[in-house]
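Just so you know, these numbers use all the heavy atoms, side chains as well, and skip hydrogens, waters and symmetry mates. Every chain is numbered from 1 and lettered A, B, ... according to where its sequence line falls, protein lines coming before strand lines.
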Amino acid sequence: MSSVRLIDIAHARSGDKGDTVNVGVIARRPEWYPLLARLLTVERVKAHFGTMAGEVERFEIPNLFALNFLLHNALGGGGTLSLMTDAQGKTFSSAMLRMEVDVPDDVAAEVIS
Amino acid sequence: MPPVRIASGQGFWGDLPSAPVDQVRRGPIDYLMLDYLAEVTMSILQKQRSRNPAEGYARDFVAVIGEILPDLVEKRIRVLANAGGVNIDACRQAVLATARKAGFAGKLKVGAILGDDILDRLPALIAGGHPLTNMETGEALESVLDRVESANAYIGASPMVAALEQGADIVITGRSTDTALTYAPMMHAFGWAADDWDRLAAGVVAGHINECGAQATGGNFLGDWRAVADTLGDVGFPIIEADADGSFVVTKHDGTGGMVSVATVTEQLVYEMGDPHEYITPDVVADFTTIRLRQDGPDRVRVSGVKGRPRTDRLKVSIAYHAGYKAVGTLVYAWPDAADKALAADRILRQRLARLGLRFDEIRTELVGWSATHGPLVGPPPPDLPEVELRVAVRAAERTPVERFTRELAPLILTGPPGVTGFAGGRPRVQDVVAYWPALIDRREIEPHLRVEVTDA
């Protein structure tokens, strides 16, 4: 196993619904989706964001080789109530992709090359 | 039957002004949809209307129509836009006046969908047993009723389809859903039944792809942003080529910039997604786990397989209410010890605010240039950080403490840590906080009130 950044094997987009951020994480290759689904458990994502988010919900979208995460209470009230620079949660996508993950060596070899 | 081409020309109020013009001029389309409304837009429009009864709609839309009218008439392109805001009638009158002035009297029809605005009906609705409970907090609307600034039901495609059937060339709505602006033309062109759940769900997916403009065609694309960035100066907005069976192709005009790939479309599909199994709209519940995507040539993605389930008995209501005041102030600190100085200034500021006895609901400090977006994930700032912007924001129920806060930032230049600049913009502005109150209502309370009016220019 080798350590890579999630951004090496996935891309993402995030947005807001009230005080909740959604982060859709998409495998960069369809064959990496099962790996992504194994790595990104609710516990792992919750631990990654720590104090930046409350409860985390997880949904599988295998047809799009993607997972959707809802991070509740993550926007300081959301909408115009929020005092955050990123009140719309736009940068939670790349915040998610900072995560360091262990992947099989053949996958790591592909992303490093 | 050839595909019906529905182009997206605006993803929000303030989106690229040239996009609708390009969509009607740089290639063939049948319909143009323009989305102007976000959750807070309605309250801004309501405020404009309360100052001037002739306002309260997206005025940019009238200017756009003025610019593209000759193209619309010549090429028989029909437009759907939720530009009516909280003053649909004024928007319609402005569009009619523009058309007549440009010499198109008698040459086109303008449709208006009225009745989504329930601001005046709120007391009666509450008295009638509709508490309009906040979907997030469970509170009844009664508690903020005296501070409500706008209230609108999200309406679906049926009234728009009726307007198209009556010959409307331009359909103006208020708070219709963004997605319905795209699938109403499909329902009209293909004669889809209102309970053809799978086809309606496919229309919703098409609408979701169209509703954020270039976010489906390479804008804000994280996948491989370098591959597309240098072509975005001339970005093409998405076009849906819809077939009668519900499948469709996402594309853009030939020769425009941007990119339509499975990756760009997938990023847009997951944007603002909740439970992918149930994307709830007024017309159908779409299941995003049934979507199939396939690259179908350069800048073409075919979408098929979408399944839907029957619509629900309730409509979503978007209510905005006044929730206090806020202000944001910034100062820039330079090397050395930029971050430490910024944080020291923040401590000094907070000490002074406390000594003044000011009460805030929240004070938030961010270091822009270090941790404003990714927060604790980035760790402590390095000692040699070249510069950082201190950003302090406050919010309170009363205006007075916020007003006073705005006068406490500039003094830090001469009474705080050194190496500080960036106050040329002057004192921060006190802003109204308008909070959003999502609720549900029995659709039978809304639908009988909807009116479709089609007028000759």
Side-chain angles (χ1 to χ4, degrees), chain A residues 7 10-30 48-53 57-70 72-74 76-100, chain B residues 38-40 43 134-137 212 215 220-225 262-263 265-277 288-293 305 320 323-324 326-328 361-366 368 372-378 391-395 431-436 438:
Chain A
I7 196 166
H11 59 119
R13 179 168 291 175
S14 57
D16 67 316
K17 256 310 166 236
D19 200 17
T20 298
V21 177
N22 104 285
V23 186
V25 185
I26 306 152
R28 286 190 183 270
R29 294 191 188 176
H48 175 70
F49 281 102
T51 56
M52 289 175 72
E57 282 185 273
R58 174 186 185 273
F59 299 95
E60 298 185 354
I61 322 159
N63 52 312
L64 300 180
F65 309 104
L67 300 161
N68 188 38
F69 292 91
L70 298 182
H72 296 285
N73 304 315
T80 66
L81 266 180
S82 176
L83 299 181
M84 296 166 65
T85 291
D86 188 16
Q88 278 81 39
K90 302 269 186 197
T91 63
F92 278 69
S93 52
S94 54
M96 173 80 94
L97 298 177
R98 299 180 77 91
M99 190 188 294
E100 285 183 29
Chain B
E39 284 163 359
V40 296
S43 64
N134 187 311
M135 289 165 75
E136 287 181 359
T137 66
C212 294
Q215 254 204 157
N220 192 26
F221 176 55
L222 193 150
D224 185 5
W225 71 270
V262 168
V265 172
T266 303
E267 277 198 24
Q268 176 54 22
L269 285 173
V270 300
Y271 179 64
E272 290 188 345
M273 178 185 270
D275 180 345
H277 300 277
F288 275 41
T289 68
T290 58
I291 300 169
R292 302 280 156 201
L293 301 180
K326 67 175 180 181
V328 181
D361 293 335
E362 190 185 351
I363 306 178
R364 182 182 175 87
T365 302
E366 292 177 342
V368 180
T373 56
H374 289 184
L377 296 178
V378 301
R391 179 187 185 273
V392 184
V394 300
R395 176 164 52 80
Q431 307 165 52
D432 289 297
V433 174
V434 178
Y436 177 63

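Heavy atoms closer than 4.5 Å to chain A are found in the side chain of B:Arg391, but not in its backbone. At a 4.5 Å heavy-atom cutoff, A:His72 makes no contact with chain B through either its backbone or its side chain. For chain B, the nearby part of A:Ile26 is the side chain; its heavy atoms alone come within less than 4.5 Å. Contact of B:Tyr271 with chain A is made through backbone and side chain together, with heavy-atom distances under 4.5 Å. With a 4.5 Å cut-off on non-hydrogen atoms, A:Thr85 touches chain B through its backbone and its side chain both. Only the side chain of B:Glu366 comes within less than 4.5 Å of a heavy atom in chain A; its backbone stays farther off. Interface residue B:Val394: only backbone heavy atoms are found under 4.5 Å from chain A. Of the two parts of B:Asp361, neither the backbone nor the side chain holds a non-hydrogen atom closer than 4.5 Å to a non-hydrogen atom of chain A. Using a 4.5 Å cut-off between heavy atoms, B:Gln431 makes no contact with chain A at all.
Here the shortest heavy-atom pairing between B:Pro376 and A:Met52 reads CD-CG, 3.7 Å. Of all heavy-atom pairs between B:His374 and A:Ser94, the closest is NE2-OG, 2.9 Å. Here the closest heavy-atom approach between residue A:Lys17 and residue B:Glu136 is recorded as O-OE2, 3.8 Å. The heavy-atom pair separating B:Leu293 from A:Leu64 by the smallest distance is CD1-CD2, 3.7 Å. Nearest heavy atom pair, residue B:Val270 against residue A:Ala66, reads CG1-CB, 4.4 Å. Across every non-hydrogen atom of A:Glu60 and B:Pro276, the tightest pair is O-CG, 4.3 Å.
Using a distance-only test at 3.5 Å, with no hydrogens or angles considered, a donor-acceptor pair links the side chain of A:Thr80 to the main chain of B:Val434. Listed for the A:Asn68 side chain is a donor-acceptor partner under 3.5 Å among the backbone atoms of B:Met273. A donor-acceptor pair under 3.5 Å links the side-chain atoms of A:Arg28 to the main chain of B:Gly223, judged by distance alone. A donor-acceptor contact shorter than 3.5 Å is absent between the side chain of A:Asn22 and the backbone of B:Gly274. Using modelled atom types, one side-chain atom of A:Asn63 and one backbone atom of B:Phe288 make a donor-acceptor pair closer than 3.5 Å.
With values rounded to the nearest 0.5 angstrom, A:His11 atom NE2 is found 6.5 Å from B:Thr266 atom OG1.
Checked against B:Leu377 for a side-chain contact (heavy atoms from CB on, under 4.5 Å), the options A:Met96, A:Met99, A:Arg98 give a single hit: A:Arg98.
Looking at heavy atoms from C-beta onward, A:Arg13 lies in side-chain contact with B:Gln215 at the 4.5 angstrom threshold. In this structure the side chain of B:Val328 never reaches within 4.5 angstrom of the side chain of A:Leu83, judged on heavy atoms. B:Glu362 has its side chain out of reach of A:Leu81: every pair of non-hydrogen atoms, C-beta onward, lies at least 4.5 Å apart.
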